[in-house]
There are 2 protein chains.
Amino acid sequence: MSSLTPKLLLFAELASLSRVLGNPHRLEIIELLAQADMAVEVLTERTGLSFANVSQHLQQLKKAGLVVGRRDGKRIVYQLSPGPIVEAVSGLRALAEHNVARVGDLVQTYFDRPGDLEAIGAAELLERMQGDAVTLLDVRPADEFAAGHLPGAINVTLEELEQRLSEFPDKREIVAYCRGPYCMLSLDAARALRQRGYTVRRLQEGLPEWRAAGYPVQMS
Amino acid sequence: MSSLTPKLLLFAELASLSRVLGNPHRLEIIELLAQADMAVEVLTERTGLSFANVSQHLQQLKKAGLVVGRRDGKRIVYQLSPGPIVEAVSGLRALAEHNVARVGDLVQTYFDRPGDLEAIGAAELLERMQGDAVTLLDVRPADEFAAGHLPGAINVTLEELEQRLSEFPDKREIVAYCRGPYCMLSLDAARALRQRGYTVRRLQEGLPEWRAAGYPVQMS
DNA sequence: GAGTCATTCAAGAGAGTGATTGAATGTAAC
DNA sequence: GTTACATTCAATCACTCTCTTGAATGACTC
């Protein structure tokens with residue numbers, strides 16, 4: 001066979017890339033960097049991993065072309081490379097939810113639980129936003145909010161929630177969102193608010209997926 | 001944190017799935033099964049791997065929910081599970097082509113080579129097919145062709161090509177395709193035909209991607 | 001320019017992966 | 001039933017991956 005090699009070479013590269021995505025911590029780092037650029041130290045805090053370990057994962061992501069680092073004074077700030085990273089992970093997620101039984105079970109147990117209102121999709125939400133019929137609640141940390149959020153959203157973390165209830169109009173429906181489809185923050189917020197009598201739904205996706213879909217994002 | 005676990009569990013499952021895709025031979029097996037259901041023996045032939053090795057890869061794919069086997073007489077025939085498998089791999093491929101430098105180079109070197117006509121996309125091809133302006137050439141083995149092919153395509157393998165030149169109308173443009181974007185068969189066929197004066201292009205994707213996009217597929 | 005701080009590098013222990021070999025299973029054919 | 005055949009299982013070895021530890025780098029600060 002004259003030209004079987006290039007295909008195998010390309011498959012080897014695809015496989016290699018897939019193995020880079022094949023680690024839960026790296027997926028979490030990608031999710032975090034999809035919210036905002038972050039220094040290694042911040043990633044260390046938010047993942048709970050050791051410093052050196054985060055650094056090593058970042059090296060692997062860098063070698064695969066998924067992140068780039070830039071120096072900012074004393075720290076090195078990492079950011080996601082441009083490219084369809086969020087889309088590829090979404091493809092994996094769709095596959096896992098469809099074909100991996102355990103994933104279906106987990107999603108059912110934690111996210112599609114009876115008693116919770118059904119999550120709202122991005123397209124439907126955008127429609128409701130046009131009519132100004134909805135209050136948007138961003139449950140992520142302030143720096144991630146600052147790096148980009150849904151237009152008009154207010155940023156309230158879970159800890160602040162109780163003290164800032166007055167900011168929510170009683171009647172309007174609230175839609176809470178956070179980092180991604182598996183982020184529990186918005187789910188917890190929705191439950192807490194619902195207990196207090198608000199009408200709350202959770203956005204099915206997070207900010208990165210919203211942005212990747214080409215929907216508008218507000219900086220501030 | 002009350003509910004950090006489910007997200008990590010889900011990431012662990014995504015990562016595990018990604019590692020299953022993270023092997024070149026398994027990607028090749030997936031590509032082959034995306035053409036047609038196949039017994040282990042056939043996969044052994046077409047991949048060039050050992051019997052036991054193919055079997056083990058199939059076990060892993062099965063455990064991940066990506067393939068299922070059914071007994072057919074003496075042999076066990078594997079097929080791709082329903083679900084967005086081709087889409088997920090395409091997502092990986094798009095990411096690799098965009099972000100992994102080596103992949104970009106390889107594609108450039110072998111597939112986007114100057115002197116070759118630019119590949120045609122699925123949407124454009126479908127349009128040209130409506131006008132009946134194009135001869136479709138399927139370069140895959142007969143059994144894969146039989147399991148599904150582009151409507152009206154003729155099946156000519158590389159070995160038969162020379163003897164069956166008479167089947168190609170001189171004037172009409174020929175579009176050759178095979179298993180996927182990295183399949184060399186259609187590229188080789190296009191080159192061979194072009195040397196003989198035909199106007200030939202290569203379909204950028206293969207049959208699985210065509211099918212996944214919802215375009216019509218003919219059985220026979 | 002010495003000290004401090006964020007990050008990376010290097011080395012090693014432990015677990016997991018991939019290919020090979022040969023034996024074991026289960027169905028079909030005679 | 002015994003035999004043949006397609007496939008899987010089990011055991012093994014080499015290799016890779018992940019995390020930990022402690023040292024090294026390199027840029028800012030006083």
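Lettering of chains follows the sequences in order, A, B, ..., and the numbering in each one begins at 1.
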Of the nucleotides C:dA19, D:dC19, D:dT7, which has the atom closest to the B:His57 side chain?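 The listed nucleotide nearest to B:His57's side chain is C:dA19.
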My understanding is that only residues two or more places apart in sequence, or in another chain, count here; which of them pass side chain to side chain contact (heavy atoms under 4.5 Å, CB included) with [X]?
X        : answer
B:Arg194 : B:Asp116, B:Leu117, B:Ala190, B:Val200
B:Gln108 : none
B:Ala212 : B:Val86, B:Glu87

Using the side chain to side chain donor-acceptor pair (under 3.5 Å) rule, pick out the option among B:Arg26, B:Lys62, B:Glu28 that qualifies with B:His57.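 Going through B:Arg26, B:Lys62, B:Glu28 one by one, the side chain to side chain donor-acceptor pair (under 3.5 Å) with B:His57 is satisfied by B:Arg26 alone.
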Testing A:His149, A:Arg140, A:Arg211, A:Arg46 for side chain to side chain donor-acceptor pair (under 3.5 Å) with A:Gln35, which one passes?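 Of all the options given, the one that passes is A:Arg140.
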Presence of [X] side-chain N/O under 4.0 Å of [N] phosphate oxygens OP1/OP2:
X       : N      : answer
B:Tyr78 : D:dT8  : yes
A:Gln60 : D:dT18 : yes
A:Gln56 : D:dC19 : no

Sugar-phosphate means primed atoms, P, OP1 and OP2; the rest is base. With that split, encode nucleotides 23-30 of chain D 5' to 3' as B, S or - using protein heavy atoms under 4.0 Å. ----SS--
Determine whether B:Leu8 and A:Tyr182 make a side-chain contact, defined as any pair of heavy atoms from C-beta on separated by less than 4.5 Å.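 No. Closest side-chain heavy atoms not under 4.5 Å.
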Less than 4.5 Å apart, side chain to side chain, heavy atoms only: is that true for A:Leu80 and A:Asp37?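 The answer is no; the side chains never approach within 4.5 Å.
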Value in whole Å for how far the [atom2] atom of [N] lies from [atom1] of [X]:
X       : N      : atom1 : atom2 : value
B:Phe11 : D:dT18 : CZ    : P     : 16 Å
B:Gln59 : C:dA19 : CD    : P     : 15 Å
B:Glu28 : C:dG18 : CD    : P     : 15 Å
A:Leu58 : D:dC19 : CG    : P     : 13 Å
B:Arg75 : C:dT25 : CZ    : C1'   : 18 Å
B:Leu61 : C:dT17 : CG    : P     : 14 Å
B:Ile76 : C:dT25 : CD1   : P     : 15 Å

Which residues in residues 41-55 of chain B have a heavy atom closer than 4.0 Å to any atom of DNA chain C?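 Going residue by residue through residues 41-55 of chain B, the ones with a heavy atom under 4.0 Å of DNA chain C turn out to be B:Ser50, B:Ala52, B:Asn53.
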For the residue pair A:Tyr177 and A:Asp138, confirm or rule out a side-chain donor-acceptor distance under 3.5 Å.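 The answer is yes; a qualifying pair exists.
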Could you walk me through whether B:Phe11 and A:His25 satisfy the side-chain contact (heavy atoms from CB on, under 4.5 Å) test, starting with their C-alpha distance in whole Å, then the side-chain angles of each, then the deciding distance to 0.1 Å, before giving a yes or no? CA-CA 8 Å; B:Phe11 276 173; A:His25 299 313; over 6 Å; no
Kindly check if the number of other-residue, nucleotide or ligand heavy atoms within 6.0 Å of CZ (B:Arg102) is above 12?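 It does not: B:Arg102 CZ has 12 such atoms or fewer within range.
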Quick one, which residues of residues 16-26 of chain A touch DNA chain D with a heavy atom under 4.0 Å?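 Of all residues in residues 16-26 of chain A, the ones placing a heavy atom under 4.0 Å from DNA chain D are A:Asn23, A:His25, A:Arg26.
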Please step through salt bridge (Lys or Arg N to Asp or Glu O under 4.0 Å) for the pair A:Glu205 and A:Arg93, ending with a clear verdict. CA-CA 12 Å; A:Glu205 301 90 15; A:Arg93 196 176 50 239; over 6 Å; no
